[in-house]
Amino acid sequence: MLDIKYLRQNIEIVRKKMDERGQSIDFDRFLGLDAKKRDTLQLAENLRNERNSVSKEIGELKKKKADASALIEKMGNVSTKIKEYDESLRVLEEEINAFVMIVPNIQHESVPQGKGSEDNTVVRSWGKKPSFSFEPKQHFELGESLNILDFARGAKITGARFTVYRGAGAAMERALISFMLDLHVEKHGYTEVLTPFMVNAESMTGTGQLPKFKEDLFKIEGMEYYLIPTAEVPVTNIYRDEILEEDKLPIYLVAYSPCFRSEAGSYGKDTRGLIRQHQFNKVEMVKFSKPETSYDELEKLTANAEDVLEKLGIAYRTVCLCTADLGFSSAKTYDVEAWMPGQNTYREISSCSNFDDFQARRASIRFRRSDGGKVDFVHTLNGSGLAVGRTVVAILENYQQADGSIIIPEVLRPYMRGLERITP
RNA sequence: GGAGAGAUGGCUGAGUGGCCGAAAGCGAUCGCCUGCUAAGCGAUUGUACGCCCCUUAAAGGUGUACCGCGGGUUCAAAUCCCGCUCUCUCCGCCA
C-alpha cells in the first residue's frame, strides 16, 4: 500500500501515475474520509486527555476520602462520548483502509508508458534460436509420445490443468529444482529456505494477494488458510512485523515451492500442456534491500534468472513491462521470456519485480539505520528463478531431435543420474 | 483429541485497579576516567498516529494509543471478566 501521508500531500502526482496505469480511482472520496478521520481523532484525543487528567484527580480525592461523585458522573458522560467517537473512527478507518488496500503501487519513472503488453519494451535478448530440419513439435506432443507427461491421468486424478510426470519427466522436474537452487546458492549468494505452502490471511495481505485478488487463490475449507500462489508470499512474510538491522541488508533468499492458482478468468487460454496449471513448481528468489540500492538489486536479480537459461542453453529475451501491464504491487518488472520453438514464440518463464516499500508497508518490514537509528521500510523484490514446469517445456521444445528424442542439457545430467537423452 | 501452565520493551524479568510506557538487570550508544584493554562513573536507549512549530522534511514541543489479539466491566485496566490465537509440559494418536 501507499503511504497515507504521501497520498494526502501528493494526490495529483498519484492521480497522474494511476492514469498511466489505466486505473481510475476515486481519490476525492479518500481525501474526504481522511480529513474527517483526522478531525474526529482530534476530538476523541482531546476527550481522552480530559478523562486521563480528571481520573487522576478522582484517584487523589478518593485517597483523601473526599467526595468525587460529581467528577465521576461527568467522566461517565465523557466516556460515553469517547465511545461514540471511537465507533465513527473505526468505521472511517475501515473505509480508508479498504481504499488504500486496492490502490496499486506507483511505477518507477523508468517504466515505459503503454496501453497493453504490445507496449512492453525488449531490453535485451540472448542466445541463438535452434534451427530444425523438421517441423518442431509442441512440448505436450513430445511429452506424451515419450510417455513422460500424462495429461489424461492428471485430469482423471484431479481435473483439468493437472499433470502426472513419469520417469525421465519426473526426474527432470526434480533435477531442475535442485539445479536452480544450487546455482542461486553457490553462484549468486542466496540462502535456501523451505517454507509452509499454506499461509494465513495476514501473509496474503502483506504481499498484496488479499483483499483484491481473492478469486485467484485456493482457500482451505473451514480454515483461514490459503494455498500459496507463489513462494513470494511465505518468503517475504518471513520478516513481517519485524525491524531488521541495517548491516543485515540486503538479504537474499531462494525457495522452492509448488504454486497453486485458480486461474480464474483464463478459461480457454493455454488449455493444453504444462504452460498454465493449477499446481506447478517454482524456484523463487526474494530480496530485502535498502531503498537506495533496490533498483541495482533488481538488475542483479533479473541477471540471476537469466543465468539459469544461459546455463541451460535456451535463448531468451527480457522485456520491461509497461505501465498498463505492470502487476498490482510492482513498481517495475522485467519478464524473462524463453524461446519456445514448438509454439514459435517467446513465453514468460520468470518475472522479476521491485515492489519498493509497497509490500514492506503492508507487511510492516522495516530496518533500523546504523547511523542515527532511524527506522525505514525496506524494499522487497522477487523473481522466479525459474518457473520449473515452463522450463521443462522449453527444454523439450528446444532440445527435440528428428527422431522425437530429447537431448538433456549438460548441466542437468549430474542431477539425472547421468542420463544424456530421453528416448521413446 | 484430553489435562494443565504461560504470553510484559532488543533480551532476562518485576508488576492483582489510579503514584505504570512500565522496576531491576543485561545489551547498545554517547561522554568521563585510564598508556591500551578490562573495570568504574554519568547520561541516553520502543513503535505508531494527530496537532503545534516550520516553505517541505528533519529536529524540537505537545497529545493519544500500544504490556499476544478482540470484546466487556469501571470515573480509571498490563492488572478484573469473556472469547480467540500462539507457546510450553504431560497423556493419547501419528509420518
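Chain naming here is simple, since letters A, B, ... match the order of the sequence lines and numbering starts at 1 in each.
Across B/C91 and B/G18, the matching C1' atoms stand 45 Å from one another, rounded to whole Å. With both ends at atom P, the span from B/C88 to B/G10 equals 22 Å, rounded to whole Å. The C1' atoms of B/A39 and B/C32 are separated by 14 Å, rounded to the nearest whole Å. Atom P of B/A59 sits at a distance of 11 Å from the matching atom of B/A48, rounded to the whole Å. Annotation: B/U37 and B/A43 have their P atoms spaced 23 Å apart (nearest Å). Comparing the P positions of B/G6 and B/A14 gives a spacing of 12 Å, expressed to the nearest Å. Rounded to whole Å, the C1' atom of B/C93 lies 40 Å from the corresponding atom of B/U16. Remark: the separation of the P atoms in B/C20 and B/C81 is 23 Å, to the nearest Å.
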Exercise. Are A/Ile96 and A/Phe30 close enough, and set up right, to give a side chain to side chain contact (heavy atoms under 4.5 Å, CB included), and what steps lead you there?
Worked result: CA-CA 7 Å; A/Ile96 290 169; A/Phe30 161 76; 4.1 Å; yes

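Between A/Arg21 and A/Thr323, the side chains place no donor N or O within less than 3.5 Å of an acceptor N or O (distance only, hydrogens not considered). Judged by distance alone, the side chains of A/Tyr256 and A/Glu284 never bring a donor and an acceptor atom under 3.5 Å apart. Looking only at atom types and distance, the side chain of A/Ser353 has a donor-acceptor partner in the side chain of A/Thr333 under 3.5 Å away. Residues A/Gln209 and A/Tyr226 bring no donor and acceptor atom of their side chains to less than 3.5 Å of each other. Between the side chains of A/Gln277 and A/Glu263, not a single donor N or O lies within less than 3.5 Å of an accepting N or O. Looking at A/Tyr165 and A/Asn281, their side chains never bring a donor and an acceptor atom within 3.5 Å of each other.
Distance A/Glu224 CD to B/C84 P: 16 Å, rounded to the nearest Å. Distance, A/Glu93 CD to B/U64 P: 17 Å, rounded to whole Å. Whole-Å rounding puts the A/Glu245 CD to B/G27 C1' distance at 12 Å.
A salt bridge does not link A/Lys37 with A/Glu95: none of the charged nitrogens is closer than 4.0 Å to a carboxylate oxygen.
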Seminar exercise, completed: Nucleotide by nucleotide, nucleotides 68-78 of chain B touches protein heavy atoms under 4.0 Å in the pattern (B base, S sugar-phosphate only, - none) -----S-BS--

Seminar exercise, completed: Quick tally for nucleotides 47-56 of chain B: nucleotides whose base has a protein heavy atom under 4.0 Å get B, sugar-phosphate-only ones S, the rest -, giving SSSSS-----

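The side chain of A/Asn49 contributes an N or O atom lying less than 4.0 Å from OP1 or OP2 of B/U64.
In this structure, A/Arg8 contributes its side chain and A/Ala35 its backbone to no donor-acceptor pair below 3.5 Å. No donor-acceptor pair closer than 3.5 Å links the side chain of A/Arg366 to the backbone N or O of A/Val375. Remark: side-chain polar atoms of A/Ser79 are not paired, donor with acceptor, to backbone N or O of A/Gly76 under 3.5 angstrom.
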Exercise. For RNA chain B, what is the dot-bracket line, given that a base pair needs Watson-Crick (N1 to N3, plus N6-O4 or O6-N4) or G-U wobble (N1-O2 and O6-N3) geometry with both distances under 3.5 Å, and | means paired with another strand?
Worked result: ((((((((.[[[..)..(.....]]]((((((.......))))))(((((((.......))))))).[[[[[..)....]]]]])))))))....

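Here A/Phe162 and A/His278 bring their ring centres to under 6.0 angstrom of each other.
A search for side chain to side chain donor-acceptor pair (under 3.5 Å) contacts involving A/Thr293 returns A/Ser289, not counting sequence neighbours.
Contacts between residues 191-203 of chain A and RNA chain B, defined by a heavy-atom separation below 4.0 Å, involve no residue at all.
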Under 3.5 Å, which donor-acceptor pairs link side chains of residues 188-203 of chain A to any protein atom two or more places apart or in another chain?
from, atom 1, to, atom 2, distance (Å)
A/His188, ND1, A/His184, ND1, 3.0
A/His188, NE2, A/Asp307, OD2, 2.9
A/Tyr190, OH, A/Asn304, OD1, 2.7
A/Asn200, OD1, A/Glu202, N, 3.4
A/Asn200, OD1, A/Ser203, N, 3.1
A/Asn200, OD1, A/Ser203, OG, 3.2
A/Ser203, OG, A/Arg240, NH2, 2.9

